Trainee: 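Quick one: this structure, given as structure tokens, is what I'll be asking you about.
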Amino acid sequence: MNMVDFSINEHDQKVLDEVDRMKAVIDEKYTRYYDIHEEEIAPDVLPEAKDWVHLPKMQMERMGQPGVTKPATYSMMSSIENCLGTGVLGLNQRMGGLGNAALMAQGTKEQQEKWGGQLLAMAITEPSCGSDSKAIETTAHLDGDEWVLNGEKIFVTDGIRAKGMVVWATLDKSKGRGAIKSFIVMKGTPGFDLAKKEHKLGIRCSDTAAFVLKDCRIPRSDLLGGKEAIAEKQGGDFKGLMATFNMTRPGVGAGGTGMIKHAAKIVIAELKKEGVEVDWEQGPAKRSALQDKLIDLEAQIESSALTVYRASWLADTGKPNNLESSIAKAKGGDVSRYGGQLAVELLGTVGITEDHLAEKDWRDARITDIYEGTGEINHLIIARALLSYGSADLM
Ligand SMILES: Cc1cc2nc3c(=O)[nH]c(=O)nc-3n(C[C@H](O)[C@H](O)[C@H](O)COP(=O)(O)OP(=O)(O)OC[C@H]3O[C@@H](n4cnc5c(N)ncnc54)[C@H](O)[C@@H]3O)c2cc1C
């Protein structure tokens with residue numbers, strides 16, 4: 001029987017320690033800078049990272065070997081243990097967009113080879129639809145050997161940095177989700193234009209942008225997965241596209257949890273300076289309110305981490321994780337909101353100053369409960385899975 005195993009071997013622990021060292025350098029030199037200078041886009045590879053960018057590749061090459069921590073679980077551990085989240089500038093921002101996840105899940109082998117090495121964003125959300133992604137209005141129709149796309153896409157993460165994006169469009173709105181397809185549209189394609197860059201509360205080092213597609217023509221072969229037929233049964237490619245989120249939602253939960261863990265580390269260090277520490281041997285009757293809140297904060301982070309590890313362990317062992325992914329995302333969102341608030345509160349007045357990064361972690365982590373399905377939407381998915389309801393039964 002396959003037992004749950006979240007253990008990490010000595011080598012992988014060393015890599016996590018190395019990433020910790022890098023994260024400290026990034027925090028010292030860049031984190032606040034790009035939070036304040038949101039209009040600037042950081043280089044794809046930071047100068048300090050030149051010697052480090054080999055690390056993720058090296059880790060991936062080791063994956064699958066006996067005794068090596070499984071890839072999804074390892075990546076989540078790094079997000080949480082190294083306190084990495086979207087608010088943290090990556091060392092190597094050339095890879096790892098949401099569009100890349102869709103390409104790997106849905107693209108043909110040729111498409112994966114063609115675009116795999118480039119950062120791809122994912123453009124689903126439109127001015128008239130967000131949570132209800134099947135209501136998209138962007139259209140695509142075939143004209144000879146080209147698709148012609150028309151519509152608007154908003155809130156695209158990495159929209160500026162990415163080399164291209166996976167754009168969701170409908171072949172025929174009257175046919176529902178069976179007609180929804182995704183297309184690869186690369187930057188520089190005529191008719192595909194940047195409309196706006198957002199200025200945000202948090203995750204300011206991650207750009208968010210809006211685009212307009214006006215008679216934008218792309219080759220017929222750039223339909224992701226290549227299946228042109230409209231699915232008769234509701235689902236089709238749409239179902240597959242939604243399944244991409246089973247891989248990415250735990251990552252969003254992990255990122256939020258990591259950011260709050262970072263805030264908690266600051267709180268623990270600052271309270272220690274004031275002589276406040278949790279004595280785990282002491283019973284609740286002897287603990288102060290501050291100590292109780294610290295315990296609560298740590299417990300929330302730990303429970304969120306466990307939901308993430310459970311979802312990624314299922315992915316690593318090839319088991320369905322639709323329910324667990326949404327649990328990890330919803331719990332990560334809860335902890336991001338509640339834990340961020342608590343961390344800032346525990347720091348007292350300095351909590352809201354720029355003396356510490358805790359206030360930034362608080363702002364940055366807020367997104368955890370918004371994109372890739374809001375908290376409410378993930379709770380709906382959880383309820384449907386537990387009750388064996390379809391989306392038409394519970395909406
Ligand atoms: C910084 C940032 C980055 C983003 N990146 C991307 C990206 O890369 N690609 C992309 O396509 N989109 C992206 N988004 C968009 C994001 O996915 C949407 O904002 C999100 O899906 C919610 O959609 P909405 O904003 O239209 O809100 P709505 O869908 O209008 O929802 C408004 C409120 O109603 C609630 N609600 C909606 N439906 C229900 C329901 N059935 N039951 C209960 N409550 C409900 C929601 O939870 C929410 O609180 C990003 C957004 C932000 C802020």
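A quick note: this is a predicted structure, and the numbers were derived from the prediction, not measured. Each ligand, and each atom within it, is numbered from 1 in the order the structure gives. Numbering of residues begins at 1 and proceeds along the displayed sequence. Atom set for the values below is all heavy atoms of this structure, side chains included, hydrogens, waters and symmetry mates excluded.
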Trainee: Which protein non-hydrogen atom lies closest to atom 6 (C) of ligand 1, naming both residue and atom, and how far is it?
Mentor: Phe155 O, 2.5 Å
Trainee: So which heavy atom in the protein is nearest atom 20 (C) of ligand 1, and how far is it from that ligand atom?
Mentor: Ile370 O, 3.8 Å
Trainee: May I ask you to identify the nearest protein heavy atom to atom 49 (O) of ligand 1, giving residue, atom name and distance to one decimal place in Å?
Mentor: Glu376 OE1, 3.7 Å
Trainee: Does Lys175 use its side chain to pair, donor to acceptor, with the backbone of Thr170 at less than 3.5 Å?
Mentor: no
Trainee: One residue to check: Ile367. Relative to ligand 1, which of side chain, backbone, both or neither has a non-hydrogen atom less than 4.0 Å away?
Mentor: side chain
Trainee: Side chain, backbone, both or neither: which part of Leu380 comes within less than 4.0 Å of ligand 1 when only heavy atoms are counted?
Mentor: side chain
Trainee: Taking 4.0 angstrom as the limit, do Glu359 and Arg32 come out as a salt bridge?
Mentor: yes
Trainee: Between Asn150 and Leu213, is any pair of side-chain heavy atoms under 4.5 Å apart?
Mentor: no
Trainee: Tell me which protein heavy atom sits closest to atom 24 (P) of ligand 1, plus the residue, atom name and distance to 0.1 Å.
Mentor: Gly130 CA, 3.9 Å
Trainee: Counting heavy atoms only, which part of Thr374 comes closer than 4.0 Å to ligand 1: side chain, backbone, both or neither?
Mentor: side chain
Trainee: Who's the nearest protein heavy-atom neighbour of atom 27 (O) of ligand 1, and how far?
Mentor: Ser131 OG, 4.2 Å
Trainee: Under 4.0 Å from a heavy atom of Ile124: which atoms of ligand 1 are those, numbered in the order shown and with their elements?
Mentor: 10 (C), 11 (O)
Trainee: Does the distance from a Lys or Arg side-chain N to an Asp or Glu carboxylate O, for Asp143 and Arg217, drop under 4.0 Å?
Mentor: yes
Trainee: Answer with side chain, backbone, both or neither: which part of Lys200 has a heavy atom less than 4.0 angstrom from an atom of ligand 1?
Mentor: side chain
Trainee: Protein non-hydrogen atoms only, distance under 4.0 Å: does atom 33 (C) of ligand 1 have such a neighbour?
Mentor: no
Trainee: Could you grab the distance from atom CG of Asp158 to atom CG of Leu119, nearest 0.5 Å is fine?
Mentor: 5.0 Å
Trainee: Could you find the nearest protein heavy atom to atom 16 (C) of ligand 1 and give me its residue, atom name and distance?
Mentor: Thr125 OG1, 3.9 Å
Trainee: May I ask you to check whether Thr208 and Lys200 show a side-chain donor-acceptor distance below 3.5 Å?
Mentor: yes
Trainee: Rounded to the nearest 0.5 Å, what's the gap from CH2 on Trp313 to CG on Asn321? Could you check?
Mentor: 11.0 Å
Trainee: Is a side-chain donor-acceptor pair under 3.5 Å present for Gln106 with Thr244?
Mentor: no
Trainee: With a 4.0 Å cut-off, would you call Glu354 and Lys360 a salt bridge?
Mentor: no
Trainee: Answer yes when Arg363 and Asp35 have at least one side-chain N-carboxylate O distance shorter than 4.0 Å, and no when they do not.
Mentor: yes
Trainee: Tell me: protein heavy atom nearest atom 8 (O) of ligand 1, and distance?
Mentor: Thr157 N, 2.9 Å
Trainee: Could you list the atoms of ligand 1 found under 4.0 angstrom from a heavy atom of Met122?
Mentor: 7 (C), 8 (O), 9 (N), 10 (C), 11 (O)
Trainee: If you measure from each non-hydrogen atom of Asp132 to ligand 1, which part falls under 4.0 Å: side chain, backbone, both or neither?
Mentor: neither
Trainee: For atom 38 (N) of ligand 1, grab the closest protein heavy atom and report residue, atom and distance to one decimal in Å.
Mentor: Ile377 CD1, 3.8 Å
